[in-house]
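Take a look at the structure set out below.
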Amino acid sequence: MSKENIKHLISLADYSNEEILELIELGEKICNSPKDYAEVCKGNVMATLFFEPSTRTKFSFESAMLRLGGNILGFSDANTSSVKKGESVADTIRCISYYADIAVMRHPKEGTPKLASIYSQIPIINAGDGGHLHPTQTLTDLLTIHNYKGGLENHVVGLCGDLKYGRTVHSLIKTMARFNTKKFVLISPEELTLPDSLKRYLNDTYDIEIKEVRYIEDVIEELDILYMTRIQKERFFNEEDYLKLKNSYILNEEKIKNGRKDMIIMHPLPRVNEISYEVDDDKRAVYFEQAKMGLYVRMALIIKLLEVE
Ligand code: CP
């Protein structure tokens, strides 16, 4: 395959709504019948290149490839690779292209997976680049929403926490907007509001109501989905600012008592302290199921990018 014809996943903006729905549908099929897909990637190798820590994304990708019958290699500490000697991402990916059939990359610097895709002979999947995007988390979120709410359209979506640095929020909001979201309710401290550029983009592109508030309790009754996020300590420039904001939201049963019975509470995880453990027993809390969905949608994505279905 020539380099121009290789399909990557850097941003879901490069995918049509139909392609996204196809991935969701395939993810659902795999979830219902995983054994049917046990051999489809036999003989293929996936490289996981993690320049930043991860539990769910890395392990779910690796588990996905193994469950599809493929093999995995990679690193979770770039200091064990020749990057430590000063090798560029471009040279690294050129060589990895000879050893693997598909690569998954997480990097603290925005745009690095995109740069890798320019030099790569194999599909590159963006597993999170700085505070920019996290498209496979968004696919995970969409599969969860589709599963619990029966579809992606006409929801009132509340996003709470670090809306400034949270890449999962940036990816999700841009993609949900394409599926006729009824309303976005942005819940954050003033210091961590959604970037103005993203708000402008939403206002210029879609006719979706956007409401900004400080407290969850003020809006809980109107939400179909409450998407909690962690305050992103690693993206702050100084510890003092983080310490000031780290306890901004601690969701507990009291705060969600007026929420709808069919509301779902999501979180990309990891959580630090923004959801009390008591909420885990609430039937509306779906964040661990959400982490499970990540496995199936990543299996679907690998199948599609390797064209092995
Ligand atoms: N949701 C998510 O990206 O989790 P990890 O950082 O553990 O991969």
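As the structure lists them, so they are numbered: ligands from 1, and atoms in each ligand from 1. What you see is a predicted model, and the numbers here were worked out from it, not measured in a lab.
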Does any N or O atom in [X] lie less than 3.5 angstrom from one in ligand 1, N or O only?
{"X": "Pro270", "result": "no"}
{"X": "Pro268", "result": "yes"}
{"X": "Lys58", "result": "no"}

Proximal atoms of ligand 1 relative to [X] (non-hydrogen, under 4.0 Å):
{"X": "Thr55", "result": "5 (P), 7 (O), 8 (O)"}
{"X": "Arg106", "result": "3 (O), 5 (P), 6 (O), 8 (O)"}
{"X": "His134", "result": "2 (C), 3 (O)"}

Inset, instruction - Looking only at protein heavy atoms, identify the closest one to atom 4 (O) of ligand 1 and say how far it is in Å. - result: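 For this ligand atom, the closest protein heavy atom is Arg56 NE, 3.1 Å.
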
Pairing of [X] and [Y] as salt bridge, 4.0 angstrom limit:
{"X": "Glu39", "Y": "Lys42", "answer": "yes"}
{"X": "Lys183", "Y": "Glu222", "answer": "yes"}
{"X": "Asp218", "Y": "Lys211", "answer": "no"}

Legend entry - Donor + acceptor pair across side chains of His267, Arg230 (<3.5 Å):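 His267 vs Arg230: no donor-acceptor pair found between side chains.
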
Legend entry - Any side-chain donor near an acceptor of the partner, Glu62 and Thr48, under 3.5 Å: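 Thr48 and Glu62 do have a side-chain donor-acceptor pair below 3.5 Å.
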
Legend entry - Nearest heavy atoms of Lys7 and Asp14, plus distance in Å: NZ-O, 3.8 Å

Inset, instruction - Could you tell me whether Thr168 approaches ligand 1 through its side chain, its backbone, both or neither, with non-hydrogen atoms closer than 4.0 Å? - result: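 No part of Thr168 is near ligand 1 at this cut-off.
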
